[in-house]
Every structure is written in C-alpha cells, then in structure tokens.
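Let me begin by presenting the structure, written as structure tokens, before commenting on it.
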Amino acid sequence: MLHVRDLTAGYHHDNPVVRSVSFDLPTPGVHAIVGPNGAGKTTLLHTLAGHLHPTSGRVVLERRDITGLLPHHTAQAGVALAPQGRRLWPSLTVLDHLTITRPAHGAGFSVEDLLDLFPPLAARRRHHGHQLSGGEQQMLTIARALRTHPRLLLADEPTEGLSPRIAEQVTGILRDLPHRGVTVLATLPHTHAATALTDRVHILTAGHLSDPLDPHDRQADALLSDHLTLTPAHPE
Ligand SMILES: Nc1ncnc2c1ncn2[C@@H]1O[C@H](COP(=O)(O)OP(=O)(O)OP(=O)(O)O)[C@@H](O)[C@H]1O
Ligand SMILES: [Mg+2]
C-alpha cells in the first residue's frame, strides 16, 4: 500500500536528517516507528505528508507516486497527519475544528461519526481548543485528521504527555482504525509503547530505519540502546 524507497530529506542538503529510508506498509494495518529524540521521526512523517520536500527517493501510495506533492495534494491522495504537539486552534471549538476540515475526496467520517468514536469530545463539543485536557486535545487532533477521510493516518507521538489511562484509550482507537479502512503509521518514544499498538515496529536511529521487528523482540530494544549509548545523533 505505502512503498517508500531511498527517501532522503532534511533541512540542509549536506546534512540530511532522514537518510535513504526504505519500507513497505501492508494494508490495512497499524505500524510504529520508534526512535530517540532527534532521530528524524517527525521529519520523516512531514516528508510523507508533503510538508517537507525530499532530496531524493520515492513515495508511492496505492500505486500513485506522491513524492514531493504539496500537503493538500497528499491529502487528496489519502494521507492525513495528526501532528506532534497537536497544533489546535485555541479560539475554535471542537465542532469548529471538525466542520472546517472537509473530506478530501468522497464521503468519509461525518462529524457525528467522529464524536461517536471519541466520546469525550462529544461532551466537550462547544469547548474551545485551549479549554481541553491533553487527552481531549490529542483526540481532537486525530479526529480532525480523520475528517479528511484518509487511507493512511500519520500519527506523530499520539500518546505524548498523556496519562497511562488516556494513552490506552487513544491507542485503542488507533488499533481499531484498520477495521474502518484506515492504515496507521504512528511514531512512539519506546518499544513498550509500541507493544500496545502493533506487532510491527521499525527503529529509526540517526535517520536510518531498521527492517520491521516485533516490538516484544529484544533485538528492537538492543538496536535502540546500542544507538543511545554509542552513537551521536548526527555523525559527521
Ligand atoms: N525546522 C527545522 N529546521 C532545522 N532542523 C530541524 C527542524 N526540525 C527538526 N530539525 C532537526 O532535525 C533533527 C530531527 O528532528 P525531528 O523533529 O525529526 O526528530 P524526532 O525523532 O521527531 O524527535 P522527537 O522525538 O524529539 O520528536 C533534529 O536534529 C532537529 O534538530
Ligand atoms: Mg518528533
């Protein structure tokens, strides 16, 4: 479904952040990328979503080449980003967030579908972004992304800053999305968080991506801890 080949991207041509990354995501499914701070997880998702232009490589979603397309075109192709740090509009209500975002193509999740999927948001539908708890903000970030009716949801650190109980609630919703036709690619801080979400994790260290691993597999943790203790974030 998603095929990424030799993708290189970053902020300076001579020092890329994402380095020749290749992977395939079977559909439908839930997949995770785990890596230390600064490894390039956000940069990779932003490149897939079209917020950052790759230096080289290819991104193919359901046989369509979406390499280097702008965000509104990747959205039309079926990609949605739930960004790290949520990026809600503080003065808009929950309902405003969900009504000004429209399906990019065809019928998708209606506002009522999304309020059913996230009951805490239904109870807060007239609250403004800045009046929501961290968990409610995260749910709204995901709901807003789903409103575009994506085939692929890129969820950047969806459990960051949440209590274990709320993190489990959000994880449960993400785990269920493939049954609704949405494939999920989430970034997470450690393999333990990934075990709650999926049995397929890639480890990203200094812009290099591993083959898929079982997050229960000690090899995944070993890759991470080797990197944390031995390698600087961006070797020259
Ligand atoms: N807008 C930017 N301009 C220049 N450099 C950036 C920019 N955004 C990120 N970087 C750099 O790119 C590298 C990777 O950052 P990125 O945010 O992709 O990592 P991450 O894995 O998502 O980290 P975290 O776990 O903290 O979210 C870091 O060295 C960071 O300083
Ligand atoms: Mg990040």
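Read the numbers this way: they start at 1 and go in the same order the structure lists the ligands and their atoms. The chain is numbered in sequence order, starting from 1. Every value quoted in this text rests on a predicted model; they were computed, and no experiment measured them.
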- [ ] Would you check if the side chain of Arg147 reaches a backbone N or O of Leu98 as a donor-acceptor pair within less than 3.5 Å?
- [x] yes

Open item on the list: Other residues, nucleotides and ligands only: do more than 12 of their heavy atoms fall within 6.0 Å of NE2 on His130?
Closed with: yes

Task: Atom indices of ligand 1, in the order listed, that fall short of 4.0 Å to a heavy atom of Pro36 - done: 21 (O)

Open item on the list: Show the atoms of ligand 1 that are less than 4.0 angstrom away from any heavy atom in Gln84.
Closed with: 27 (O)

Open item on the list: With a sphere of 6.0 Å drawn around CZ of Arg218, does it hold more than 12 non-hydrogen atoms of other residues, nucleotides or ligands?
Closed with: no

Task: Sidechain N-carboxylate O distance under 4.0 Å for Arg58, Asp65 - done: yes

Task: Ala39 N/O under 3.5 Å from ligand 1 N/O - done: yes

Task: From the candidates Leu45, Asn15, Thr42, the one that places a heavy atom nearest atom 17 (O) of ligand 1 - done: Thr42

- [ ] May I ask you to check whether Thr42 brings an N, O or S atom to under 2.8 Å from the Mg ion (ligand 2)?
- [x] yes

TODO: Mind running side chain to side chain donor-acceptor pair (under 3.5 Å) on Thr27 and Thr183 for me, showing each step along the way?
DONE: CA-CA 6 Å; Thr27 176; Thr183 289; 3.2 Å; yes

Open item on the list: If I apply the N/O under 3.5 Å rule, does His12 come out as touching ligand 1?
Closed with: no

TODO: Only heavy atoms count here, so choose which of Gly207, Gly40, Gly10, Pro16 is nearest to atom 19 (O) of ligand 1.
DONE: Gly40

- [ ] For Gln137 and Leu132, indicate whether the former's side chain and the latter's backbone hold a donor-acceptor pair under 3.5 Å.
- [x] yes

Open item on the list: So that I can check it, does any N, O or S atom in Gln84 come closer than 2.8 Å to the Mg ion (ligand 2)?
Closed with: yes

Open item on the list: I'd like to check which ligand 1 atoms, numbered from 1 as shown, lie under 4.0 Å from a non-hydrogen atom of Thr43.
Closed with: 14 (C), 15 (O), 16 (P), 18 (O)

Open item on the list: Please tell me whether Asp14 and His12 have a donor and an acceptor in their side chains that are separated by less than 3.5 angstrom.
Closed with: no

Open item on the list: Below 3.5 Å, N or O to N or O, backbone or side chain included: is there any such pair between Gly35 and ligand 1?
Closed with: no

